[in-house]
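Here's the structure, in structure tokens; my notes come after.
In this chain, residues are counted from 1 in sequence order.
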Amino acid sequence: MTRLAGKVAVITGGGTGIGLATAQRFADDGAHVFTMGRRRSELDKAKSLIGDRLNTVVGDVTNNSDLDALFATVRDTAGSIDVLVANSGRAETELLGTVTEENFDATFNVNTRAALFTVQKALPLIRTGGCVILIGSTAGYLGLTGYSAYSASKAALRSYVRTWTRESDDRGIRFNLLSPGPIDTAMLDSQTDKQSSPRQCH
């Protein structure tokens, strides 16, 4: 399949889980894919799996300098972006009575703040008529025990999409939110270890 032949896609958190599966599918469909993740070992595995259609950049989405480096690499290598997938996320379960400032801040930093600045910094490179996909969760509109911070951080992405769609009318950029339910990923496995009946969504 070559539905994405000649297209350039950027995916954050593409070393494992949903990000890796997306990178592989996009590459199989003909896209030139760039992905950023924090662990070189995971990115090397992704490169070995996907091959020459994948470029990897080590970095942290919560660090704006790392985002700058990612998009500088994309600009210098490919020139522009057709599809951006803001996928990076974290989850840590805490009941309301035990929510810590550290978990709340870390969750919103990765899931909500980083998503905004990822899109902001990519925006100058996104072609007219391009596509931005935010990876949300069914937790963003379902009440899940222990997921106060996570659910709220994902619910914010729905607001982003509505706002950014209005702001980008003149360029025809499409903004979409995908809200999967439970997916068999390392993130899900980490939650399974902590609760007998995990309800983690991406």
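Leu49 and Val58 are members of different hydrophobic clusters when ILVMFWY side chains are connected at heavy-atom separations under 4.5 Å. Residues Phe34 and Val61 share a hydrophobic cluster, clusters being chains of Ile/Leu/Val/Met/Phe/Trp/Tyr side chains in contact below 4.5 Å. One hydrophobic cluster holds both Leu177 and Val132 under the rule that ILVMFWY side chains link at heavy-atom gaps under 4.5 Å.
Across Gly13 and Ser88, no two heavy atoms sit closer than the pair N-OG, 3.1 Å. Here the closest non-hydrogen pair linking Trp164 and Phe175 is O-CE1, 3.4 Å.
Judged purely by atom type and a 3.5 angstrom limit, Thr35 uses its side chain to pair as donor or acceptor with the backbone of Ile11. Side chain of Thr12 to backbone of Asn87: a donor-acceptor contact under 3.5 angstrom is found. Looking only at distances, no side-chain donor or acceptor of Lys7 sits under 3.5 Å from a matching main-chain atom of Val33.
Rounding to the nearest 0.5 Å gives a distance of 13.0 Å between CD1 of Ile50 and CZ of Arg25. To the nearest 0.5 Å, atoms CG (Leu70) and CZ (Arg75) are separated by 11.0 Å.
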TODO: Please lay out, stage by stage, how Ile81 and Phe71 fare under the test side chain to side chain contact (heavy atoms under 4.5 Å, CB included).
DONE: CA-CA 9 Å; Ile81 299 169; Phe71 292 115; 3.9 Å; yes

TODO: Carefully, step by step, assess Leu95 and Thr145 under the rule side chain to side chain contact (heavy atoms under 4.5 Å, CB included).
DONE: CA-CA 7 Å; Leu95 295 174; Thr145 300; 3.5 Å; yes

Task: side chain to side chain contact (heavy atoms under 4.5 Å, CB included) evaluation trace for Leu54 with Gln24 - done: CA-CA 9 Å; Leu54 180 69; Gln24 185 168 14; over 6 Å; no

TODO: Would you sort out whether Arg158 and Ser179 count as a side chain to side chain contact (heavy atoms under 4.5 Å, CB included), showing the intermediate values?
DONE: CA-CA 9 Å; Arg158 185 177 299 274; Ser179 297; 3.9 Å; yes

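Remark: Arg40 engages Asp44 in a salt bridge (charged side-chain N to carboxylate O under 4.0 Å, His left out) (not counting sequence neighbours).
At a cut-off of 3.5 Å, with distance as the only test, a side-chain donor of Asn103 or Glu94 sits close to an acceptor on the other residue.
Between His32 and the choices Asp52, Leu4, Val10, Asn55, the side chain to side chain contact (heavy atoms under 4.5 Å, CB included) rule is met once, by Asn55.
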Distance-only donor-acceptor hits, side chain of residues 108-127, under 3.5 Å, sequence neighbours excluded:
residue: Asn111; atom: OD1; partner: Arg90; partner atom: N; Å: 2.8
residue: Asn111; atom: ND2; partner: Arg90; partner atom: O; Å: 3.0
residue: Asn111; atom: ND2; partner: Ser153; partner atom: OG; Å: 3.0
residue: Thr112; atom: OG1; partner: Ser153; partner atom: O; Å: 3.1
residue: Arg113; atom: NH1; partner: Thr62; partner atom: O; Å: 3.4
residue: Thr118; atom: OG1; partner: Ala114; partner atom: O; Å: 2.7
residue: Lys121; atom: NZ; partner: Asp68; partner atom: OD1; Å: 2.9
residue: Arg127; atom: NE; partner: Ser80; partner atom: OG; Å: 3.1
residue: Arg127; atom: NE; partner: Asp82; partner atom: OD1; Å: 3.0
residue: Arg127; atom: NH2; partner: Ser80; partner atom: OG; Å: 3.0

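Applying the salt bridge (charged side-chain N to carboxylate O under 4.0 Å, His left out) test to every pair with at least one member in residues 139-153, sequence neighbours left out, gives no pairs at all.
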